[in-house]
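Mind looking over this structure? Questions follow.
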Amino acid sequence: MGVPQAMEILRERAESIRESLHKSQTITDSMVAILGSFDHRLSALETAMRPTQIRTHSIRRAHENIDKTLKAAEVILGQFDLSRKAEAKILRGPHEDLESYLEAIDQLRSTANFFKSNKSFKSSDGVVNHANNLLAKAISKLEDEFRQILTNHSKPMEPDLLIDCLPNSLRPSSGSSGNQSEASGKPEHPSKTLDAGVCKPPTLIPPRVLPLLHDLAQQMVQAGHQQQLFRTYRDTRASVLEQSLRKLGVEKLSKDDAQRMQWEVLEAKIGNWIHYMRIAVKLLFAGEKKLCDQVFDGVDSLRDQIFAEVTANSMALLLSFGEAVAKGKRSPEKLFVLLDMYEILRELHPEITDLFGSKACTEMREYASSLTKRLAQTAQETFGDFEEAVEKDATKTAVQDGTVHPLTSYVINYVKFLFDYQSTLRQLFQEFNEGEADAQLAALTTRIMSALQSNLDGKSKQYKDPALTQLFLMNNIHYIVRSVRRSEAKDLLGDDWVQIHRRIVQQHANQYKRISWAKILQCLTVQGASGGAGGMGSDGTSGISRAMVKDRFKTFNVQFEELYLRQSQWTVPDSELRESLRLAVAEVVLPAYRSFIKRCRPLIENGKNPMKYIRFSVEDIERMLNEFFEGKTWSEPKR
């Protein structure tokens, strides 16, 4: 194809495009004209429809307001309906269905709050007043119901049930209160047999009732009736607690009562008091605390104060007994019960601190602490009284046979019991910060022993026979040493103390031998005797007259028989010491007598009636020596 032909074709196509564009412009202009016409018509239509739209919107808003009003009316009617139902339940009272009654109170309280917050309702004030009047009546009935339920289920605890709650190791044995140890005359130390055990708290009120009491209490608190609730609970539980203690045997004791009471009676009451304290704190007070916490759970403002006032009189009653004893006249026999009382308060101190730890219980907590210190002070002062009493004991009656004096056995048993309380004494010494406890106990024991020995020295001077004086001191010091060696006192006093006093015993034994036997042994010697009618003998009796020998035998017989009659009435109660002393005497007397008979018998046997002079064989002397210190009784005892 040539160029001219191609150019022609391009012209034709361009012309065709131009015509198409012209047609498109014409169509566009037509459409713009049509759309302009529509816009004008729509604007007119909108203007015509505006009043209709306004009326439709007003109708819609009216419908919405009607719906809201109907719903509000429905709520109000619902509140009235619930209020009527609650009122019916409240008028019937709580006896038929207490839980439903409590629900009705909650509903009535909710209704009153509803109308309080919707003051715009015409009937709001009337409804609120009516609801409040009903609530007041309902709470009054609740108070009666709370009191009735609490009273009906609050009964004093029987002593047997309380004792069963204690572990076996803490239960008082029948008839044990006030008992005394036969050997010592002191009350048995209770802690010797006490082991730690778990106490089972008693059920003061049936568990099924507790939720009801709790709910009733909550309702009364919400209604602002705390004080009425407080008084009702306090008066009921405090009275029952005091009745439980009276059933147990707790009684009021004044200082004057304690002073007038015979010691045996008071001692028994103190033994009982120790058990009462343990039962009261571990069981009754702990039970009241638990009950308070359950009934007034969530009401912390009341709980501690109520517990304090429920237990106040009972705790004061128990502690006043201890105070009366602590303030009473001191005497040595009271020391161990004072320590027992101090010990039980120390034992219960953690529980008292826990139970009475709140601010409301401060007075009772401090009372218990004050009594503990008072008992410790009185016990410490009694130590001093005992030392002085031992040193100044003026018992005039001497033991006739030289045996261990009752004062000695009393003091030693006293010290033994003292060592049963070592842990208690350590705590007691710490009350006054007096230094190391063992050193204090050792010093106390040493002073008591010294006071006893001083008194025994004085009592020994009552004997006219100096030999019996030495035997008495030997017996008593030996008893002290032997007792110390067999007790825990040895660890504190030490081996040196024991050895020193063993030597003292030996010294008194030697003094006894010298005083009793020196004179009689002189009868069995021939040194210094002048010659006489007897002449010289081949048996070595040169220079000894028959008359002198007869006189010596007669003197020996009289003196030995007198010693035998007197000293066989004397007593050396310790078998080992008795045999040792006899042996020591025999080792001196028998060889001397045997030698004297051997040398002098020929002079007597050659004369008339030799048996008149040689009355005792060596075997007789040995047998009779073995009867010394037996505490025999003769028809006419000689001293």
Side-chain angles (χ1 to χ4, degrees), residues 178 180-181 184-189 253 255-271 273-274 321-343 345-346 370-396 405-422 424-435 437 439-459 476 480 483-484 489 492-493:
Q180 294 183 335
S181 168
S184 66
K186 298 291 184 298
E188 294 187 9
H189 182 209
L253 183 78
K255 178 183 173 182
D256 292 339
D257 294 333
Q259 294 282 58
R260 289 192 296 266
M261 201 171 290
Q262 289 188 349
W263 167 240
E264 292 76 10
V265 177
L266 180 60
E267 185 182 24
K269 290 184 180 296
I270 292 170
W273 178 83
I274 289 169
F321 179 98
E323 187 175 31
V325 174
K327 288 182 176 179
K329 184 179 179 181
R330 299 192 306 271
S331 61
E333 66 268 18
K334 287 184 180 179
L335 175 61
F336 297 101
V337 293
L338 288 171
L339 292 176
D340 288 337
M341 294 171 74
Y342 172 78
E343 193 171 67
L345 287 176
R346 291 293 306 177
S370 172
L371 177 58
T372 304
K373 284 184 168 55
R374 182 61 184 261
L375 288 168
Q377 181 67 41
T378 306
Q380 191 177 54
E381 291 168 354
T382 305
F383 292 146
D385 295 343
F386 180 66
E387 292 174 37
E388 186 177 353
V390 170
E391 190 166 6
K392 295 183 178 179
D393 178 76
T395 306
K396 297 297 183 183
H405 197 279
L407 177 66
T408 304
S409 57
Y410 173 77
V411 171
I412 291 301
N413 282 327
Y414 200 93
V415 172
K416 285 181 180 178
F417 268 87
L418 209 55
F419 276 84
D420 284 343
Y421 289 83
Q422 281 192 74
T424 305
L425 290 171
R426 288 189 181 96
Q427 291 179 331
L428 188 145
F429 290 136
Q430 289 169 3
E431 293 275 358
F432 306 102
N433 298 317
E434 293 188 349
Q440 290 292 315
L441 187 55
L444 172 65
T445 307
T446 302
R447 292 197 304 270
I448 292 174
M449 293 299 187
S450 297
L452 174 59
Q453 287 177 249
S454 175
N455 188 282
L456 291 173
D457 285 339
K459 283 181 167 44
N476 282 270
I480 294 170
S483 299
V484 167
L492 285 180
L493 295 176

Classify the ring geometry of Tyr421 against Phe336: parallel below 30°, tilted from 30° to 60°, perpendicular beyond 60°.
tilted
Please lay out, stage by stage, how Val337 and Leu266 fare under the test side-chain contact (heavy atoms from CB on, under 4.5 Å).
CA-CA 10 Å; Val337 293; Leu266 180 60; over 6 Å; no
Are Asn413 and Lys416 side-chain neighbours, meaning at least one heavy-atom pair lies under 4.5 Å?
yes
The reported gap from CD in Glu387 to OG1 in Thr445 (rounded to nearest 0.5 angstrom) is 9.5 Å
Lys459 side chain reached by Leu407 side chain, heavy atoms, under 4.5 Å:
yes
Closest approach of Lys255 to Ala324 (non-hydrogen atoms, all atoms of both residues)
N-CB, 3.7 Å
Hey, what do you get for CD (Glu391) to CZ (Arg447), rounding to the nearest 0.5 Å?
11.5 Å
Of Asp393, Val411, Asn476, which is the lone residue that meets side chain to side chain contact (heavy atoms under 4.5 Å, CB included) with Leu452?
Val411
Run the side-chain contact (heavy atoms from CB on, under 4.5 Å) check on Met449 and Ile412 step by step: do they pass?
CA-CA 9 Å; Met449 293 299 187; Ile412 291 301; 3.8 Å; yes
Quick check against the 3.5 Å criterion: does Glu323 have a side-chain atom that pairs as donor or acceptor with the backbone of Leu371?
no
Of all the heavy-atom pairs spanning Gly322 and Leu375, show the shortest one and how long it is.
O-CD2, 4.3 Å
Heavy-atom side-chain proximity of Tyr414 to Leu335 below 4.5 angstrom
yes
Given Gln377, Gln427, Glu431, the one that forms side chain to side chain donor-acceptor pair (under 3.5 Å) with Tyr342
Glu431
Would you say that Thr378 contacts Lys334 through its side chain, given a criterion of any heavy-atom pair below 4.5 Å between the two side chains?
no
Taking atom types as modelled, is there a side-chain donor on Gln430 or Arg426 under 3.5 Å from an acceptor on the other?
no
From Lys327 atom NZ to Asp256 atom CG, the distance as rounded to the nearest 0.5 Å:
11.5 Å
Working to the nearest 0.5 angstrom, can you tell me the gap between Ile480 CD1 and Thr408 OG1?
5.5 Å
Non-hydrogen atoms of Phe386 and Pro332 that approach each other most closely:
CD1-CB, 3.6 Å
Note, Leu339 side chain near Leu425 side chain (heavy atom, < 4.5 Å):
yes
Let's go through Phe429 and Leu441 carefully: what are the C-alpha distance in whole Å and the side-chain angles of both, what is the deciding distance for side-chain contact (heavy atoms from CB on, under 4.5 Å) to 0.1 Å, and is it a yes or a no?
CA-CA 9 Å; Phe429 290 136; Leu441 187 55; 4.2 Å; yes
Are any of the side-chain heavy atoms of Leu492 and Phe419 separated by less than 4.5 Å?
yes
Quick one: do Ile448 and Phe383 satisfy side-chain contact (heavy atoms from CB on, under 4.5 Å)? Show the steps, please.
CA-CA 9 Å; Ile448 292 174; Phe383 292 146; over 6 Å; no
Can you tell me how far the CG atom of Leu428 sits from the CD atom of Gln440, to the nearest 0.5 Å?
10.5 Å
